[in-house]
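Quick one: the structure is below, and I'll ask about it shortly.
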Amino acid sequence: QVALVESGGGLVQAGGSLTLSCAASGRTFSRNAMGWFRQAPGKEREFVAAITWSSSRTSYTDSVKGRFTISRDNTKNLVYLQMNSLKPEDTAVYYCAADRTQLRNIPVVDATRYDSWGQGTQVTVSS
């Protein structure tokens with residue numbers, strides 16, 4: 001498994017921006033697709049964004065398209081989620097996750113395909 005630690009969460013006003021980071025250690029991070037998920041109070045964990053191991057492809061849930069950008073730096077073992085034009089409904093705990101399968105060339109949106117998860121970072125957007 002990969003050990004993952006998220007950072008960068010916080011309190012921001014609606015319309016503001018935040019960048020989340022996910023630091024990875026352990027098995028060969030650069031060969032795993034990565035994803036971001038979120039869970040709001042009283043709701044199920046949901047997919048937010050995913051990126052292939054080579055950054056060749058990304059995928060986003062409809063509600064964040066055009067506002068969020070996922071990226072990665074394999075030389076630094078980091079994955080990022082740039083969040084712009086934040087809305088109160090983006091308030092949640094955000095988790096990064098690593099795909100269990102290496103060298104997958106499609107973004108992974110199914111949470112069951114991830115076997116490593118971070119502890120989460122809180123994002124709160126005030127109206």
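The figures that follow rest on heavy atoms only: side chains count, while hydrogens, waters and symmetry mates do not. When a residue number appears, it is its place in the shown sequence, counting from 1.
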For R72, enumerate each residue passing the salt bridge (charged side-chain N to carboxylate O under 4.0 Å, His left out) test, keeping only those at least two apart in sequence or located in another chain.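 R72 satisfies salt bridge (charged side-chain N to carboxylate O under 4.0 Å, His left out) with no other residue.
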Looking only at atom types and distance, does a side-chain atom of R67 sit under 3.5 Å from a main-chain N or O of S85, one as donor and one as acceptor?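 Answer holds: yes.
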With F47 via ring-ring contact (aromatic ring centres under 6.0 Å, His included) - residues at least two apart: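 F47: ring-ring contact (aromatic ring centres under 6.0 Å, His included) contacts with F37.
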Same apolar cluster: Y95 and V109, side chain cutoff 4.5 Å: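 Same cluster: Y95 reaches V109 through Ile, Leu, Val, Met, Phe, Trp or Tyr contacts under 4.5 Å.
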ask   = Between the side chain of Q82 and the main-chain N/O of T19, is any donor-acceptor distance below 3.5 Å?
value =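 No, Q82 side chain to T19 backbone: no donor-acceptor pair under 3.5 Å.
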Handout entry: Residue pair N84 / S17: nearest heavy atoms and the distance that separates them
Key =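 Heavy atoms of N84 and S17 come nearest at OD1-OG, 3.0 Å.
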Sub-3.5 Å donor-acceptor pair from the side chain of Q119 to the main-chain atoms of V5, do we have one?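 Absent.
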Open item on the list: Taking salt bridge (charged side-chain N to carboxylate O under 4.0 Å, His left out) as the definition, give me every residue that meets it alongside R45, ordered by chain and number, with sequence neighbours left out.
Closed with: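 For R45, no residue satisfies salt bridge (charged side-chain N to carboxylate O under 4.0 Å, His left out) once neighbours in sequence are set aside.
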_Assess the residue pair Q13 and L86 against the criterion (side chain to side chain contact (heavy atoms under 4.5 Å, CB included)); give the C-alpha distance rounded to whole Å, side-chain angles, the decisive distance to 0.1 Å, and a yes or no._
CA-CA 8 Å; Q13 289 188 334; L86 282 161; over 6 Å; no
Checklist entry - Which residues satisfy the salt bridge (charged side-chain N to carboxylate O under 4.0 Å, His left out) test with E46, sequence neighbours excluded? => result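 Only R38 meet the salt bridge (charged side-chain N to carboxylate O under 4.0 Å, His left out) criterion with E46.
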Expected output: side-chain R104 to main-chain R100 donor-acceptor under 3.5 Å: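 Looks like no, no N/O pair under 3.5 Å.
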- Which atom of L20 lies closest to which atom of V123, heavy atoms considered: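 Smallest heavy-atom distance, with atoms named: CD2-CG2, 4.0 Å.
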- Item | Reported OG-to-CE distance for the pair S116 and M34, which is rounded to 0.5 angstrom |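 Those atoms lie 8.0 Å apart.
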Quick one: OG1 on T91 to CD on Q122, what's the gap to the nearest 0.5 Å?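 Answer for the OG1-CD pair, T91 versus Q122, is 7.0 Å.
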**Q.** The single option from I70, L81, T69 passing side chain to side chain contact (heavy atoms under 4.5 Å, CB included) against I51
**A.**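 Exactly one option meets the side chain to side chain contact (heavy atoms under 4.5 Å, CB included) with I51, and it is I70.
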_On a heavy-atom basis, which atom in Y114 and which in A50 lie closest, and how many Å separate them?_
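Smallest heavy-atom distance, with atoms named: OH-CB, 3.7 Å.
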The criterion is salt bridge (charged side-chain N to carboxylate O under 4.0 Å, His left out); which residues satisfy it with K65, sequence neighbours excluded?
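Here the qualifying residues are D62.
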#### Entry: Evaluation steps, side chain to side chain contact (heavy atoms under 4.5 Å, CB included), between W53 and D99
CA-CA 9 Å; W53 65 277; D99 181 15; over 6 Å; no
Within the structure provided, determine whether R57 and N105 are in side-chain contact (heavy-atom separation under 4.5 Å).
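Side-chain contact under 4.5 Å: no.
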| query | Does anything in residues 15-127 pair up under disulfide (SG to SG under 2.5 Å), and if so which pairs, sequence neighbours excluded? | reply |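 Qualifying pairs, neighbours excluded: C22-C96.
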key: Any Y94 side-chain heavy atom under 4.5 Å of E6 side chain   =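 Of all side-chain heavy-atom pairs linking E6 with Y94, none is under 4.5 Å.
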Distance-minimising heavy-atom pair for A14 and S127 =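 Where A14 meets S127 most closely, the heavy atoms are CB-CA, 4.4 Å.
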What are the two closest heavy atoms between Y60 and A49, and how far apart are they?
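Scanning both residues completely, I find the closest heavy atoms to be CD2-CB, 3.6 Å.
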Report yes if the side chains of L4 and W117 come closer than 4.5 Å at any heavy-atom pair, otherwise no.
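Of all side-chain heavy-atom pairs linking W117 with L4, none is under 4.5 Å.
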### Task
Hey, could you give me the OG/CG distance between S54 and L103, rounded to the nearest 0.5 Å?
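S54 OG to L103 CG: 9.0 Å, rounded to 0.5 Å.
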- Query: Is T61 close to F68 at the side-chain level, that is, under 4.5 Å between some pair of heavy atoms?
  - Reply: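 They are not in contact (no side-chain heavy atoms under 4.5 Å apart), so the answer is no.
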Checklist entry - What's the shortest heavy-atom distance between L18 and G8, and which atoms? => result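 Nearest pair, atom of L18 first, then G8: CD2-O, 3.8 Å.
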